[in-house]
Enquirer: 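Could you have a look at this structure, given as structure tokens, before my questions?
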Amino acid sequence: MHAKDSILGGLNERQTEAVLATDGPVLILAGPGSGKTRTLTARIAHLIQKGVLPERIIALTFTNKAAEEMRARIKSLLGAEHIPYGALFVGTFHALCVRVLRQHAVALGYSPHFSIFDDDDALGLIKEGMKGEGINTKQFPPGMIRNVISGLKNELISPERYADEAGSDMFPKTVHRVYRAYAERLKESNGMDFDDLLMNVAVLFERTQNVLSAYQERFLYIHVDEYQDTNHAQYTIVRALAQKHRNIAVVGDDAQAIYGFRGADFRNILNFEKDWPDAKIVVLDENYRSTQTILDAAREVISKNTFKKEKKLWTKQGKGERLTLTAAEDERGEAEYVADSVRSLHKEGAKLREVAVLYRTNAQSRAIEEAFLERDLPYIIIGGIRFYERKEIKDIIAYLRVLTNPQDLVSLKRIINTPPRGIGKISFLSYLSRDTKGDMRHTKKEAALAAFEDLISDLRSTLVRMQPSDFIKYLVKKTRYREYLDDGTQNADERWENVEEFVSLAARYNDLSPEEGIKKLLEDAALLMENEPGESAGERVTLMTVHAAKGLEFSTVFIVGLEEGVFPHSKSLFSPKDLEEERRLCYVGLTRAKKRVYLSFALRRMRFGGIEVNPPSRFLSEIPEELLHVPERDLDEITID
DNA sequence: GTTTCTAATATTTTT
DNA sequence: TATTAGAAAC
């Protein structure tokens, strides 16, 4: 057997060290392009090869994509036959938590069929809660309150505990009232939001020692990817799981922490050595991706941050080309510059799939898109509205949720009048409060309600005897959903296509029993939000936010909109902490590039319907001049800065 | 009860 | 500028 050679083969000294340090706590500080995933997967493969049972190993990621990639790599290292299906847990934190919670829902006061509410559902419930409490939504924007509540949940602060901390100030008091009302409504609907999935598991582990012990015994070897992105709840879960056997390996890079706004706390990675004093630290600083010039530029930028772990990336590759810096008149000029450059690169033989255009905000994609369209350059925009977030898909999902979780008021509310069937808001309330007067069918509304109930019970009995995809077809037909969509607007066709897409997506679950299939479908719909199902990269340029680019690499990277107020974003300009996150974001953008980087900014820019004039981004002046190449015609604009 | 219009609002968002 | 949520009108 040469499996061992193939697992360790090709790894550098440090990577090998990280792979072989299987017992005890290990912190792997992995710079961009340093073979982080490779090391992590080799480590797991090595454990299995050493004889550790796959079911005793867990690897936690943040995205399904990362989990998939890891699984694939482990398989190719070991050969698929060595891993019994489902034995090795490689998945997201949320997926793990759902699995735990379906087991232990009752102990926490939920039914095992609980619904998972996305951010939209959550916001709706928060608004309801605010209305119920008589709180002015103008004075307290619901979205902002939701963020605060989300932050509290990430910090594992319950409404009760927050009551003590809130004091008598207006704002915290209001937040507390909404938080309490929101939590009640969630419970009433037997639903959890994304934050609850984590918080409830953390609470379960804390309260129920025997449950925790069982998982501690099950997961002897714990791995966490992107550790800098963990929030306090995730940190608590990992710590609890690892407490007993202490075989915990975390991988991450504090310099790439860009999700602070979502509750991620990169101090978790900075404090790892304090949490686990005997931790072995491995620094992966050899970069296999970029030229030294790109690495130097990135390093200069990130060095302006104060809170960080020192590490200097190096590469065996040569210096490579300088970064190109260009000024444009406005965002259209910038987009044309990008598109023209891509076109000439393409003519010189560059592959379009190896080119990415990165921007700070999604709205910036528009100008780029137009320039690409004009030149017939193929592109794909990553991000924006996700498939499962589309109205039509959410409608169908709401039906399925009501069928599987009868308590789900959020979904019931969504479908009771979708398509319109003559049941209004008032009767919705009476629908909930009435139980004895079910025979009162004399009014129109009562008749409509009765018809709705018949529909639901018909659907419920049909669900168990049809394959998921057939059932959804049946559901759509029965509810005359297509007629409802067909309102004459130009989106109607597209919406219907999405419904059809959803049907074929549901066919993936046809092998399971009808009920199991629908349940799994719902779970995946909530937890693996894919962008465009079935859309592959192909030979085209990728347009996306810098956030979305994390973990990816391209030969050529354009970073556009490098202006004060755009990148760094205006909302971060007055907070040193936020500015540091912007800087890390810039670092992430730069280090996506293998060979070439094009930086650009616009002198004027249309934003929010007006014209803005912003100076070039401070990040540009943080890159040493000798690493930059500035086309002559732009010299004036740039030296003015 | 449903449609249409107005007015407010506009980072990033792995789940 | 574009979207979208909530109010007024049908």
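Naming convention: chains lettered A, B, ... in sequence-line order (proteins, then strands); numbering from 1 in each chain.
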Enquirer: In whole angstroms, how far is the P atom of dT2(B) from the CD1 atom of I416(A)?
Expert: 11 Å
Enquirer: What nucleotide, of dT15(B), dT12(B), dA10(B), holds the atom closest to the side chain of F608(A)?
Expert: dA10(B)
Enquirer: Can you tell me how far C1' of dT13(B) sits from CG of L198(A), to the nearest Å?
Expert: 14 Å
Enquirer: Specify the separation, in whole Å, of atom CD of E370(A) and atom P of dT1(C).
Expert: 13 Å
Enquirer: Flag the pair R605(A) and E331(A) as a salt bridge only when some basic side-chain nitrogen lies within less than 4.0 angstrom of an acidic carboxylate oxygen.
Expert: no
Enquirer: Using a heavy-atom cut-off of 4.0 Å across all strands, would you classify Y259(A) as base, sugar-phosphate, or nothing?
Expert: base
Enquirer: Does K187(A) come within less than 4.0 Å of D196(A), counting only side-chain N to carboxylate O?
Expert: no
Enquirer: What nucleotide, of dT3(B), dT15(B), dT1(C), holds the atom closest to the side chain of M606(A)?
Expert: dT1(C)
Enquirer: With a 4.0 Å cut-off, would you call R267(A) and D254(A) a salt bridge?
Expert: no
Enquirer: Quote, to the nearest angstrom, the P distance that separates dA5(C) from dT12(B).
Expert: 16 Å
Enquirer: Can you check the E582(A) CD to dT11(B) C1' distance for me, whole Å?
Expert: 8 Å
Enquirer: Figure out the CG/P separation between D121(A) and dT13(B), and round it to whole Å.
Expert: 19 Å
Enquirer: Angle class for the F387(A)/F502(A) ring planes (parallel below 30°, perpendicular above 60°, tilted otherwise)?
Expert: tilted
Enquirer: Can H569(A) be called stacked on dT11(B) when the rule is centres closer than 5.5 Å and an angle between planes below 30°?
Expert: yes
Enquirer: Let's test your reading of the model: under 3.5 Å, does the base of dT15(B) pair with the side chain of R262(A) as donor and acceptor?
Expert: yes
Enquirer: Please state how far atom CG in D229(A) lies from atom P in dT12(B), giving the value in whole angstrom units.
Expert: 17 Å
Enquirer: Counting only side-chain N and O atoms of S572(A), is one of them less than 4.0 Å from OP1 or OP2 of dT11(B)?
Expert: no
Enquirer: Any side-chain N or O of N362(A) less than 4.0 Å from the OP1 or OP2 oxygen of dT11(B)?
Expert: no
Enquirer: I'd like a table of atom pairs between the protein and nucleotides 3-8 of chain C - only N or O on both sides, under 3.5 Å - with the distance next to each one.
Expert:
from	atom 1	to	atom 2	distance (Å)
dG6(C)	OP1	K127(A)	NZ	3.2

Enquirer: Take R421(A) and H547(A), find for each the nucleotide of DNA chain B with the closest heavy atom, and name the residue whose nucleotide sits nearer the 5' end.
Expert: R421(A)
Enquirer: With a 4.0 Å cut-off, would you call K304(A) and E580(A) a salt bridge?
Expert: no
Enquirer: Would you call K391(A) and D395(A) a salt bridge, using N to O less than 4.0 angstrom?
Expert: no
Enquirer: From CD of E580(A) over to P of dT11(B), roughly how many Å is that when rounded to an integer?
Expert: 23 Å
Enquirer: Looking at D119(A) and R146(A), does any basic side-chain N land under 4.0 Å from a carboxylate oxygen?
Expert: no
Enquirer: Output yes when R71(A) and E68(A) qualify as a salt bridge under the 4.0 Å nitrogen-oxygen rule, no when they do not.
Expert: no
Enquirer: Does F261(A) lie flat on the base of dT12(B), that is, centres under 5.5 Å apart and planes under 30° off?
Expert: yes
Enquirer: Whole angstroms only, please: what is the CZ-C1' distance between R607(A) and dT9(B)?
Expert: 13 Å
Enquirer: As a test of reading the structure: which of dT15(B), dT11(B), dT13(B) is closest to the side chain of T545(A), going by heavy atoms?
Expert: dT13(B)
